[in-house]
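Before any comments, here is the structure.
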Amino acid sequence: MTSGELAQEQRLSNPYDSPPRFQLFIGGSWVDAASGRTFSSIDPTTGHAWAEVAEGGPEDIDRAVRAARTAFEGGWGQATAADRAVALRRLGDTLARPDVIERLAVHEVLDTGKVVREAMGLARAFSSWCYYFAGAAQALQGDTIPVPMKDTFTYTVRRPVGVVGAITPWNSPILLTLWKLCPALAAGNTVVIKPSEVAPVSTIELAKVIDESGMPPGVVNVVSGQREAGAALASHPGVDKIAFTGSTATGRSVMRAAADNLTRVSLELGGKSPNIIFADADLGLAVNGIVSGAFAATGQMCTAGSRVLVQDDVYDEVLEALMERTRSIVMGDPFDWATDVGALTWGTQYHKVLDDITKAQAQGARLMIGGARPGNAPTADGYHLAPTIFADVGQEMDIARQEVFGPVAGLLRFRTEQEAVALANDTEYGLAAAVWTRDLARTHRMVNAIDAGTVWVNCYRRVTASVPFGGVKASGLGRENGLDALRDYTETKSVWIDTNEEARDAFRLA
Ligand code: NAD
C-alpha cells in the first residue's frame with residue numbers, strides 16, 4: 001500500500017450528518033415496506049442508532065419473490081452463460097472501483113463494528129467472487145454418458161433451480177451474501193436476499209452497487225426485515241432453493257419450513273473449531289494463528305478457532321506467548337487504521353458473551369486475561385470486550401462445547417495425537433480445524449482423522465472464491481464457493497435420444 005492510499009484510508013469516517021434511511025430493493029425499484037414500518041440499525045461502537053431501515057414483512061417478501069420469478073422467466077432466464085458472465089464481470093468491475101470499496105467498507109464499519117482494516121481488506125476482495133463465478137458460469141456443462149442400449153444418445157444439461165432465497169447473518173454481511181449471489185447468478189437463477197436485522201445496511205448498500213452495475217431489474221432483490229421476514233422467505237412456495245447462513249438452531253427451523261414445499265436448502269451454520277498445536281510446531285506461527293483465529297472480527301466468526309488444543313510439553317510456553325501477544329492488541333476507534341479489534345456487533349450478543357465468560361469461571365476455567373470491557377474502551381455505550389483467554393479448560397465445560405461468537409479462546413491440554421483427534425472430534429460441530437505441526441506424516445494422519453469441512457495446516461482463516469467451504473455434522477449441509485457451490489444452484493436434466501429412426505414403430509417395454 002502506498003502512503004497516499006494509507007492517508008486516504010485514514011480519512012474514512014461516517015459520511016452522514018443525520019441518520020440515513022434505507023429502503024427495500026424489489027424488481028429494480030427502491031420502495032418502502034408495505035406496512036410503512038422501519039427499524040433502527042445500531043452502530044456497535046457507540047451503542048446508538050445510526051440508520052433507519054425499511055422493515056419488510058411477508059407481503060414484501062412475496063412481492064420480491066414474484067419480481068424474481070418474473071425476471072427468471074423473462075430476460076435473465078433467456079440469457080446465455082456468456083451474458084451472465086458479462087453481468088457478473090460488470091458487477092466485479094463496479095465492486096473493484098476504489099470509491100465503491102470505501103463506501104462498502106464504511107457501511108460495514110458503521111453497521112457491524114468491524115475495524116476499517118478488516119472491512120477494507122474484505123471490500124478489496126469482493127470483486128474476486130464475481131470474477132471467479134463469471135468464469136465458472138461458462139464452464140458449467142453436462143456430460144455425454146455411455147449407456148448399455150443400442151442407438152441411444154444420452155447426455156445431461158445443468159439447469160438453474162429458479163428463484164433462490166438467501167438468508168444471511170450479521171457478522172460479514174456482504175461477503176456471505178456474495179458467496180450465495182455469485183454462484184446463484186452464474187448458474188442462471190434470480191435471488192431474493194434477506195439480510196440480518198442486526199446489520200442490514202451494508203447489504204442494502206451492496207444492492208445499490210448491483211443496481212449501478214446494470215444488473216437487470218428483479219434479478220437481485222433485497223428485503224430487510226426481522227426474523228419473520230426470513231421465515232416468510234424460507235416457507236414461500238415460490239422459492240426453489242434457500243441458501244442460509246446463521247445459527248444451527250435457526251438452520252433447523254429453516255429446514256423444517258422448507259420441508260413443506262420440498263424446497264432445497266444449503267445451510268452454513270455454527271462451529272466450535274479446534275486449533276491443534278503440536279510440540280513440534282513453529283510456535284510463533286501457531287500463536288499468531290490462535291490470535292487471528294480467535295480474535296479477528298472480534299471473534300464473531302463461524303470458523304473461530306476458539307477451542308485451542310495444546311500438547312502438554314509446550315502448553316505453558318504457548319499460553320505465555322499468547323498472553324503476551326494478546327496484550328499488544330489495540331482496541332479503539334474502528335476507523336483508526338491501527339485498531340486491531342472493534343466492538344461486538346450488538347448488545348444481545350455482548351451480554352451473551354459476558355454470560356459465557358461468567359459461566360466458564362463458575363465451571364472452573366482459569367481466566368488469564370480480558371473477560372470484561374477494556375479500561376480504554378473508545379466509547380461508554382459501545383459493545384467492547386477485551387480479548388479473553390481461559391486456561392485449564394475441560395472438555396465437558398460449556399466454553400469448550402458451545403459457540404461463544406466473541407473474542408474468547410479456551411486452552412485445553414492433550415498428550416498424544418490420538419487424544420488430540422478424540423478431543424477435536426468430540427463436538428456436535430464440524431466446520432473447520434487447524435493443525436500446527438512440522439511433521440508431514442502427522443499432517444496427513446490428522447487431516448484424514450478430523451471431521452470438518454475445512455482443515456488448515458500451519459495457517460488459519462484462509463478462504464477464497466475457488467475453494468469449497470462448508471460444514472459437516474451440525475455445522476451444515478452443502479458447500480459455498482468453488483464448483484461445488486455452482487453445482488448446488490443447478491438441477492441436472494437427463495436427455496435420451498433414440499437415434500434409430502428405422503425402429504420408430506417398434507414398441508419397447510424394457
Ligand atoms: P441467526 O440464525 O440468528 O440469523 C441468521 C438469519 O436468519 C438472519 O437474517 C435472521 O433474520 C434469519 N432468521 C431468523 N429466524 C429465522 C427463521 N425462523 N426462518 C428464517 N430465517 C430466520 O444467526 P446470526 O445470529 O445472525 O449469526 C450468527 C450465527 O451464524 C453463528 O452461529 C455463526 O456461527 C453462524 N455463521 C455461520 C457461517 C458459516 O459460513 N458457516 C458464517 C457466518 C456465521
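Quick note: residue numbers are just sequence positions, from 1.
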Go through Lys272 and Gln402 one step at a time and tell me if the side chain to side chain contact (heavy atoms under 4.5 Å, CB included) criterion holds. CA-CA 7 Å; Lys272 192 72 202 175; Gln402 290 172 11; 5.7 Å; no

Side-chain contact test, heavy atoms from C-beta onward, threshold under 4.5 Å: evaluate it for [X] versus [Y] and give yes or no.
| X | Y | value |
| --- | --- | --- |
| Val308 | Leu412 | no |
| Val421 | Arg445 | no |
| Leu319 | Val310 | no |
| Ile193 | Val220 | yes |
| Tyr155 | Val157 | yes |
| His384 | Pro378 | yes |
| Phe469 | Thr454 | yes |
| Thr144 | Thr154 | no |

Establish, yes or no, whether a centroid distance under 6.0 Å links the rings of Tyr489 and Phe133.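 Ring-ring flag for Tyr489/Phe133: false, centres at least 6.0 Å apart.
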
What are the two closest non-hydrogen atoms of [X] and [Y], and how far apart are they?
| X | Y | result |
| --- | --- | --- |
| Pro274 | Ala424 | CG-CB, 3.8 Å |
| Gly293 | Tyr460 | CA-CD2, 3.6 Å |
| Leu104 | Ser202 | CD2-O, 4.4 Å |
| Ala137 | Ala81 | O-CB, 3.6 Å |
| Leu233 | Val192 | CD2-O, 3.8 Å |
| Pro387 | Met331 | CD-SD, 3.8 Å |

Criterion side chain to side chain contact (heavy atoms under 4.5 Å, CB included) on Val353 and Leu344, from CA distance to verdict: CA-CA 9 Å; Val353 176; Leu344 281 112; 3.9 Å; yes

With side chain to side chain donor-acceptor pair (under 3.5 Å) as the criterion, how do Asn481 and Trp129 come out once you've worked through the C-alpha distance, each side chain's angles and the decisive distance to 0.1 Å? CA-CA 8 Å; Asn481 299 331; Trp129 266 267; 2.8 Å; yes

Have [X] and [Y] got a donor and an acceptor in their side chains that come within less than 3.5 Å?
| X | Y | answer |
| --- | --- | --- |
| Asp111 | Ser41 | yes |
| Thr437 | Asp280 | yes |
| Thr250 | Ser247 | yes |
| Asn275 | Arg307 | no |
| Thr156 | Lys493 | no |

[atom1]/[X] to [atom2]/[Y] distance, rounded to the nearest 0.5 angstrom?
| X | Y | atom1 | atom2 | result |
| --- | --- | --- | --- | --- |
| Glu403 | Lys352 | CD | NZ | 7.0 Å |
| Arg438 | Leu440 | CZ | CG | 13.5 Å |
| Ser475 | Asp451 | OG | CG | 10.5 Å |
| Asn448 | His444 | CG | NE2 | 10.5 Å |
| Ser266 | Phe244 | OG | CZ | 10.5 Å |
| Ile357 | Ile399 | CD1 | CD1 | 7.0 Å |

I'd like to know if [X] pairs up with [Y] as an ion pair, taking the criterion as any Lys NZ or Arg NE/NH1/NH2 lying under 4.0 Å from an Asp or Glu carboxylate oxygen.
| X | Y | result |
| --- | --- | --- |
| Asp426 | Arg401 | yes |
| Asp340 | Arg117 | yes |
| Arg487 | Asp484 | yes |
| Arg89 | Asp93 | no |
| Asp312 | Arg413 | yes |

One pair to check against side chain to side chain contact (heavy atoms under 4.5 Å, CB included): Phe390 and Met368. What are the steps and the verdict? CA-CA 6 Å; Phe390 280 104; Met368 304 302 296; over 6 Å; no

Is there a donor-acceptor contact under 3.5 Å from the side chain of [X] to the main chain of [Y]?
| X | Y | result |
| --- | --- | --- |
| Glu102 | Leu12 | no |
| Thr388 | Val408 | no |
| Tyr383 | Thr348 | no |
| Gln349 | Val404 | yes |
| Asp240 | Val163 | yes |
| Thr464 | Val467 | no |
| Asn261 | Ser235 | yes |
| Ser127 | Ala96 | no |
| Asn425 | Ala449 | yes |
| Asp336 | Ala338 | yes |

Determine whether more than 12 heavy atoms belonging to other residues, nucleotides or ligands lie under 6.0 Å from atom CD of Gln361. yes

Met323 atom CE, over 12 foreign heavy atoms within 6.0 Å: yes

Checking Asp43, Ile42, Thr45 against Leu110 for side chain to side chain contact (heavy atoms under 4.5 Å, CB included), the one that qualifies is Asp43

Here the salt bridge (charged side-chain N to carboxylate O under 4.0 Å, His left out) pairs for residues 158-181, sequence neighbours left out, are Lys180-Glu480

Report the C-alpha distance between Met446 and Phe278 in whole Å, list the side-chain angles of each, state the deciding distance to 0.1 Å, and finish with yes or no for side chain to side chain contact (heavy atoms under 4.5 Å, CB included). CA-CA 11 Å; Met446 291 298 290; Phe278 284 95; 3.9 Å; yes

Using a 3.5 Å cut-off and no angle test, enumerate the donor-acceptor pairs between side-chain atoms of residues 168-179 and protein atoms at least two apart in sequence or in another chain.
from: Asn171; atom 1: ND2; to: Gln300; atom 2: O; distance (Å): 3.1
from: Ser172; atom 1: OG; to: Lys114; atom 2: NZ; distance (Å): 3.0
from: Thr177; atom 1: OG1; to: Pro173; atom 2: O; distance (Å): 2.7

With sequence neighbours left out, the residues meeting salt bridge (Lys or Arg N to Asp or Glu O under 4.0 Å) with Asp392 are Arg366

Cation-pi geometry met for Lys473 and Tyr429 (6.0 Å, 45°): no

